Amino acid sequence: MLLTPEIVPGLLAAGASARVSEEVAPRFRAGEGVRMRNHNPTTHTRLPGYLRGKAGVVELDHGVFAFPDAHAHGLGHKAQHCYSVRFCAREVWGPTAPERDTLRVDVFDDYMDTL
């Protein structure tokens, strides 16, 4: 189903989820270092620009979901894992960020590479 603005309220009211029940092997494990891909697509992406090229550590695997970059353009759900990734604030914001601060962001397989 193609997601259109008209059907969003009904989907949200029904508790819709992008989780899919396909068996997909995870590419990453908790504790593994990863680097976000530095790409700049001209279409939809959920990878924040401030994370492109940044390194982090996988903390949690949320399971398998429809990949929003493909799904938003009617290209199927391209099932893949979504992970909680921890970044040091200094990695993201630079040397003036507090040394002990961290940021956690949910990130899909296609956005990451192994360090």
Side-chain angles (χ1 to χ4, degrees):
M1 165 179 31
L2 184 60
L3 184 62
T4 63
E6 296 78 29
I7 65 172
V8 170
L11 290 173
L12 292 175
S17 172
R19 186 178 295 275
V20 295
S21 60
E22 291 184 32
E23 291 290 326
V24 177
R27 290 184 53 218
F28 307 99
R29 305 251 181 254
E32 188 172 357
V34 293
R35 182 169 305 279
M36 301 304 106
R37 293 184 177 160
N38 190 8
H39 71 291
N40 295 289
T42 58
T43 58
H44 176 85
T45 186
R46 293 267 176 98
L47 179 60
Y50 59 85
L51 290 179
R52 294 176 190 162
K54 306 298 183 184
V57 176
V58 173
E59 288 199 328
L60 176 70
D61 182 344
H62 291 296
V64 180
F65 293 82
F67 183 50
D69 295 31
H71 196 254
H73 295 285
L75 303 174
H77 55 263
K78 193 177 180 188
Q80 57 187 262
H81 287 255
C82 182
Y83 309 86
S84 178
V85 179
R86 178 178 37 85
F87 298 88
C88 293
R90 288 189 173 179
E91 170 72 9
V92 177
W93 308 120
T96 60
E99 184 177 351
R100 294 176 44 183
D101 285 5
T102 59
L103 169 70
R104 284 159 181 80
V105 179
D106 292 340
V107 182
F108 288 90
D109 275 330
D110 277 9
Y111 298 150
M112 302 188 291
D113 290 311
T114 303
L115 278 180

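Quantities reported herein were computed from a predicted structural model and do not represent experimental measurements. Side chains included, hydrogens not; waters and symmetry mates left out as well; all remaining heavy atoms used.
Side-chain N or O atoms of Q80 include one that pairs as donor or acceptor with a backbone N or O of D109 at under 3.5 Å.
Partners of D101 by side-chain hydrogen bond (donor to acceptor under 3.5 Å, both in side chains), not counting sequence neighbours: none found. The side-chain hydrogen bond (donor to acceptor under 3.5 Å, both in side chains) check on T102 picks up R104, with sequence neighbours excluded. In this structure D110 satisfies the salt bridge (Lys or Arg N to Asp or Glu O under 4.0 Å) test together with K78, sequence neighbours excluded. N38 pairs by the side-chain hydrogen bond (donor to acceptor under 3.5 Å, both in side chains) definition with nothing, not counting sequence neighbours. Remark: R52 engages no residue in a salt bridge (Lys or Arg N to Asp or Glu O under 4.0 Å) (not counting sequence neighbours). With sequence neighbours left out, R86 forms a salt bridge (Lys or Arg N to Asp or Glu O under 4.0 Å) with E59. Applying the side-chain contact (heavy atoms from CB on, under 4.5 Å) criterion to T42, with sequence neighbours excluded, gives no partner residue. H39 meets the side-chain hydrogen bond (donor to acceptor under 3.5 Å, both in side chains) test with no other residue; sequence neighbours excluded.
In the hydrophobic clustering (ILVMFWY side chains linked at under 4.5 Å, chained through shared members), V64 is joined by V20, V24. Members clustered with L60: none, using a 4.5 Å side-chain heavy-atom cutoff among hydrophobic residues.
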Could you check V105 against V85 for side-chain contact (heavy atoms from CB on, under 4.5 Å), going step by step and ending with a plain yes or no? CA-CA 5 Å; V105 179; V85 179; 5.7 Å; no

Under the criterion side-chain contact (heavy atoms from CB on, under 4.5 Å), I'd like the reasoning laid out for F65 against D106: C-alpha separation, chi angles, the key distance, then a yes or no. CA-CA 12 Å; F65 293 82; D106 292 340; over 6 Å; no

Using side-chain contact (heavy atoms from CB on, under 4.5 Å), reason through F28 and D61 one step at a time and then give a plain yes or no. CA-CA 8 Å; F28 307 99; D61 182 344; over 6 Å; no

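Between Y111 and F108, the ring planes lie perpendicular to each other; the angle is over 60°, past the 30° to 60° tilted range.
Rounding to the nearest 0.5 Å gives a distance of 9.5 Å between CG of D113 and CZ of R35.
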Could you list the donor-acceptor pairs under 3.5 angstrom formed by side chains in residues 87-100, with sequence neighbours left out?
unit_1: R90; atom_1: NE; unit_2: A97; atom_2: O; d: 2.9
unit_1: E91; atom_1: OE2; unit_2: A55; atom_2: N; d: 2.8

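Among all heavy-atom pairs drawn from V107 and M112, the shortest one is CG1-CG, 3.5 Å. Nearest heavy atoms, P68 versus R46: CG-CG, 3.5 Å. Taking all atoms of both residues into account, the shortest heavy-atom contact from R27 to Y83 is N-OH, 3.1 Å.
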